[in-house]
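Quick one: the structure is below, and I'll ask about it shortly.
Atom set for the values below is all heavy atoms of this structure, side chains included, hydrogens, waters and symmetry mates excluded. Chain A is the first sequence line, chain B the second, and so forth, proteins listed ahead of strands; every chain is numbered from 1.
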2 protein chains.
Amino acid sequence: MSLEDLGDKGRRAKSQRATEKPRVDAKPTLKTIAELTGLAVTTVSHALADAPQIALETRQRVRKVAADIGYLPDRAAQRLRTGRTNVISLVLDPHEEILGYATSMINGLTEALRGTAYHLVITPHFSDTPQIDPVRHIMRNRMADGIVFTRTEPADERVKLLMENNFPFICHGRTELATAHPYVDYDNYSFAYQAAKKLIAAGARRLSIILPPERFTFAHHLRHGFMTAVREEGVGFEIAKGVTLDSKSDDIRDYLFRRMAEPERPDGYICGGEVSALAVMASVYDHQLELGQDIRLVAKQTSGLFDQIRPRVETIYEDLTEAGLLMGKLLLKRIAGPAPIAELQALQTV
Amino acid sequence: MSLEDLGDKGRRAKSQRATEKPRVDAKPTLKTIAELTGLAVTTVSHALADAPQIALETRQRVRKVAADIGYLPDRAAQRLRTGRTNVISLVLDPHEEILGYATSMINGLTEALRGTAYHLVITPHFSDTPQIDPVRHIMRNRMADGIVFTRTEPADERVKLLMENNFPFICHGRTELATAHPYVDYDNYSFAYQAAKKLIAAGARRLSIILPPERFTFAHHLRHGFMTAVREEGVGFEIAKGVTLDSKSDDIRDYLFRRMAEPERPDGYICGGEVSALAVMASVYDHQLELGQDIRLVAKQTSGLFDQIRPRVETIYEDLTEAGLLMGKLLLKRIAGPAPIAELQALQTV
DNA sequence: ATGGCGATTTATAACGATATAATTGCTGTC
DNA sequence: GACAGCAATTATATCGTTATAAATCGCCAT
């Protein structure tokens, strides 16, 4: 702020038509457009909102000027006045996984938000606090207009809370609650079912499925699909539970190493995640067995990783980017106006 | 939220407007605290800012009431008034990589931002627009108080622009510009140097290094470290350039497949990324060669992935979560007050 | 008393947008 | 020519916070 500016400001107070152009870089506001067009700030606001009571000619003129000077509405002011934040919160659990589960989903979400006024904010959920905390915080303090989260549980507290308060959200995976809620999910039942059928068709006679922790709903879906298939075919089976998602734990590696040394070992594995598939492969290698010969494997593929891995593994693809995109779109629709719940459901089929 | 809660809320609403809109939970503001304490809004504001001219007793009283009712300042109002956004923007290039480069960094950043007023916003850089666009947009429209980006280039336009405008930022990787700038980088020179030495010590006599595209500064560092080592040792070498980071391209796989079939093939590979390391392993497998015997490999490890991979690969670790954490801390320091540039530099040594 | 001073507290005016209500200008009607 | 009726524009108040300037108070020296 220089003395000249002050002087100029003083002049403006008396004669409103002073040819002022001191600051070129000043961020354009509605006031800027108002001065340039000779209209009132209110009119400009309405014109940009495409209000029908503003003359079409005026609307076009205002829009042109706005575009010319590169006007963008101030998010803070809009947010303060309207209460809408134009923010979508993605609740992420850091340290959860070594592979890019989150990255794919973020890519899908940003794609869905592209061209809209919405920004994507990453809200971390720190493992030393209850899972519900970040969600409650976002809701209570209106930190976002909508929430995205993952790893849905059968009786997910977050879903309950958000539904009770009618707060827009979408989650990856389903609950088993009576009340319907918006979600995007992959058909893990079919995945496990088809994976089992493939293994059996290839000659496997004792199947093992490596399941994520029971607290996630999709673990149940995997199990049911698996069980249906092995019962239909009447083959032997076993279930390895509790792959911690961060794969720091050695439970599964211990199980695999032990079982593969035994004579009655499984000859067909189903892995619901890439990490556990790698663990199976590692164990096969360590036992000097041959994949596809001694032991078969069907894995869920959620990235390009398995295109690079040798020996080649049979996989079934789950497109997490697409899931993110879909979640973003459905959430935006939900925010725009409470669409019927049923329409908000979506299922990716294998 | 029960009916009782609503009733309680209505009673609290002072007097006449008992049957107003069913506002779930009126958000506490400075005004709320002012009414509860009998002070003026201004006083409360100053008290919470711990202004010295407010009596200590008053400050404590205000803080207590604020904590009791769970007061949180309205971000939009603060932002509108002060111009500070309390936002850090991470500029991400979607579709860039199959592995979780971004996830680790996000985890580090959120850790650095934990407990502060800052939120992390993901700003995508869409590949059909110039790289500089999101940075310029954030700066011009004050979308954030600081910017984080990656994949720094030798004459990076983003660095130039941000430095010219004195806008807080930090980047992963360095430029080769004359003017110093804040960054966090990994010592890729030493990585390549040591990797080469290891391979030679293990018996390799013709080394090949798989480099990322030349436009990234760290490709040069890798090359220099590599060249220094092979010259010192006087072994044969070759350089495979241009691993596109999204690994969609087959250039490298073609190169590997061709070279491994030739008699004068390299017997030691250095990979600056996990994807290219997998490509080497895949090619070794496809040629029915043996890793560690016919062909040796030293790879950069940036995730837990290679702990799972067999055969075991010799790796040197780069901690991207730590890099993210460091970037976050340095950026916050830079935002708080323009610290000397020199202090903002950091280097992770192998 | 009077004025002044330091220590606290408070009033006022913004920041940039929008919801609401009010105003202007113009037309046609009787 | 007065006025209702309508379209188009504008004034005012407000969201919650903070920067700035002003006001209040007790207390002491003159």
Subject >> Interatomic distance, A/Arg79 CZ vs D/dC15 C1' [rounded to whole Å] >> reply: 13 Å

Subject >> Which residues share a salt bridge (Lys or Arg N to Asp or Glu O under 4.0 Å) with B/Asp50, sequence neighbours left out >> reply: B/Arg59, B/Arg63

**OP:** Mind checking the CG-CZ spacing from B/Leu39 to B/Arg61? Nearest 0.5 Å is all I need.
**Re:**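 Taking CG in B/Leu39 and CZ in B/Arg61, the distance rounds to 5.0 Å.
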
**OP:** To the nearest 10°, let me know how far the axis at one end of the helix from C/dA1-D/dT30 to C/dC30-D/dG1 is tilted from the axis at the other, five pairs an end.
**Re:** 90°

Original post:
Judged by atom type as modelled, is there a donor-acceptor pair below 3.5 Å linking the side chain of B/Asp68 to the main-chain atoms of B/Val65?
Top reply: no

**OP:** Indicate yes or no for a side-chain donor-acceptor contact from A/Thr110 to the backbone of A/Ile106 under 3.5 Å, with no hydrogens or angles considered.
**Re:**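 Answer holds: yes.
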
**OP:** Under the salt bridge (Lys or Arg N to Asp or Glu O under 4.0 Å) rule, collect the residues that match up with B/Arg79, sequence neighbours excluded.
**Re:** none

Subject >> Any donor-acceptor pair under 3.5 Å from A/Arg158 side chain to A/Val135 backbone >> reply: no

Original post:
Sequence neighbours excluded, which residues qualify as salt bridge (Lys or Arg N to Asp or Glu O under 4.0 Å) partners of B/Glu164?
Top reply: none

Original post:
A/Phe167 versus A/Arg140: any side-chain heavy-atom pair under 4.5 Å?
Top reply: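 Sidechains of A/Arg140 and A/Phe167: no contact.
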
Distances for protein N or O near nucleotides 15-17 of chain C N or O, under 3.5 Å:
unit_1: C/dG16; atom_1: N2; unit_2: A/Ala77; atom_2: O; d: 3.4
unit_1: C/dA17; atom_1: OP1; unit_2: A/Tyr71; atom_2: OH; d: 2.7
unit_1: C/dA17; atom_1: OP1; unit_2: A/Asp74; atom_2: N; d: 3.2
unit_1: C/dA17; atom_1: OP2; unit_2: A/Leu30; atom_2: N; d: 2.6

Subject >> Reading 5' to 3' through nucleotides 7-12 of chain C, protein heavy-atom contacts under 4.0 Å coded B for base, S for sugar-phosphate only, - for none >> reply: -BBBBB

**OP:** Would you mind reading off the distance between A/Asn141 atom CG and D/dG16 atom C1', rounded to a whole angstrom?
**Re:** 14 Å

Subject >> Atom-to-atom span, CG of A/Asn86 to P of D/dC15 - whole angstrom >> reply: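 Rounded to whole Å, this separation is 20 Å.
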
Subject >> Donor-acceptor under 3.5 Å (B/Thr321 side chain, B/Gly108 main chain) >> reply: no

Subject >> Closest heavy-atom pair and its distance - A/Ile33, A/Ala66 >> reply: CD1-CB, 3.7 Å

